[in-house]
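Below is one structure; the comments refer to it alone.
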Amino acid sequence: IRPALRTLRPVQSTARAVLAAMLLVLLVPAAVAAHATLVGSTPAADEVVTTLPPVVIVTFDSAPFLARCLGSVLSAEPSPEVVVVDNASADGSADLVRDRYPRCILVRNSGNLGFARANNQGFGLAKGRHILLLNSDACPLDGCVDGMVEFLDRNPGYGAVACRLVFEDGRLQRSCRRFPTWLALL
């Protein structure tokens, strides 16, 4: 089986104690669907949702952060397609999405399948040539997503792009390191 690879990029984020905007290029296994219940429906294949990339958000017991994240993402004009994959949260995260954000595609997993498998589920439902992977505790800044899409469109040799992360007060959040060397490990 040849897996489908998608180009994805996380969005600039501002959040407290962020693990935000982690960037992964993942495969989309069909077997993941057996562990989940899709709530709502996906857009028709020929329906153009927006020019912004679809957003995939995985959540596990993060309702307060998720509400802020979704409010930020869906305030964009036009708002993007959003897929939220809930890993069996006990804090009402899935109910929050169902009740307050009905435009979102919601996947409720019967157990915690983990971050990677849940993202694969979201990637399988998202439609677009790029996909934005966004942690539930991150909030995109104006222009960040557009800038990343523009970069990828101008540079077709790149498969992924990330942004600079900042805290809410604007301070840089260090999110990258030099590649480890043997000397650094000693």
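A quick note: this is a predicted structure, and the numbers were derived from the prediction, not measured.
At least one donor-acceptor pair under 3.5 Å links the side chain of Asp61 to the backbone N or O of Ala90. Judged by distance alone, the side chain of Asn112 and the main-chain N or O of Asn87 form no donor-acceptor pair under 3.5 Å. A donor-acceptor pair under 3.5 Å is formed between the side chain of Asp86 and the backbone N or O of Ala88. Remark: the backbone N or O of Ser62 is paired with a side-chain donor or acceptor of Asp91 at under 3.5 angstrom.
Geometric assessment of Arg171 against the ring of Phe167 yields a positive cation-pi assignment under the 6.0 Å and 45° thresholds.
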Working for side-chain contact (heavy atoms from CB on, under 4.5 Å), residues Gln173 and Val166: CA-CA 5 Å; Gln173 179 184 357; Val166 296; 5.8 Å; no
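Shown here for Ile131 and Ala126, the closest heavy-atom pair between the two residues is CD1-CB, 4.0 Å. The heavy-atom pair separating Leu172 from Arg174 by the smallest distance is CD2-NH1, 3.5 Å. Across Leu66 and Val97, no two heavy atoms sit closer than the pair CD2-CG2, 3.6 Å.
To the nearest 0.5 Å, the span separating CZ on Phe123 from CG on Leu133 amounts to 5.0 Å. Rounding to the nearest 0.5 Å gives a distance of 10.0 Å between CG of Leu52 and CD of Glu77. In this structure, NZ in Lys127 is found 6.5 Å from CD1 in Ile105, a value given to the nearest 0.5 Å. Here Cys139 contributes atom SG and Phe65 contributes atom CZ; the two are 10.0 Å apart, rounded to the nearest 0.5 Å. Taken to the nearest 0.5 Å, the CD1 atom of Ile57 stands 5.0 Å off from the CG atom of Leu134. Note that CG of Asp153 is 4.0 Å distant from CZ of Arg129, once rounded to the nearest 0.5 Å.
Residue Arg154 qualifies as enclosed at atom CZ: its count of foreign heavy atoms under 6.0 Å is above 12. Residue Asp142 places its CG atom among 12 or fewer non-hydrogen atoms of other residues, nucleotides or ligands, all under 6.0 Å distant.
Of the candidates Val56, Asn109, Val58, Val83, Asn109 is the only one forming a side-chain contact (heavy atoms from CB on, under 4.5 Å) with Gln121.
Using a 4.5 Å cut-off on side-chain heavy atoms (C-beta onward), Ser79 and Val73 make no contact. Using a 4.5 Å heavy-atom threshold, the side chains of Arg103 and Glu81 count as separate. Taking 4.5 Å as the limit, every side-chain heavy atom of Cys69 sits out of range of all side-chain heavy atoms of Asp137. The side-chain heavy atoms of Pro54 and Pro80, taken from C-beta on, include no pair separated by under 4.5 Å. His130 places a side-chain heavy atom less than 4.5 Å from the side chain of Val149.
Evaluation of the side-chain contact (heavy atoms from CB on, under 4.5 Å) rule for Tyr101 yields Ala67, Leu70, Leu74, Leu96, Cys104 as partners, not counting sequence neighbours. Asp99 is linked by a side-chain contact (heavy atoms from CB on, under 4.5 Å) to Asp95, counting only residues two or more places apart in sequence or in another chain.
Judged by distance alone, the side chains of Ser72 and Ser75 never bring a donor and an acceptor atom under 3.5 Å apart.
Phe60 and Val107 fall into different hydrophobic clusters, where Ile, Leu, Val, Met, Phe, Trp and Tyr are joined by side-chain heavy atoms under 4.5 Å apart, directly or via other members.
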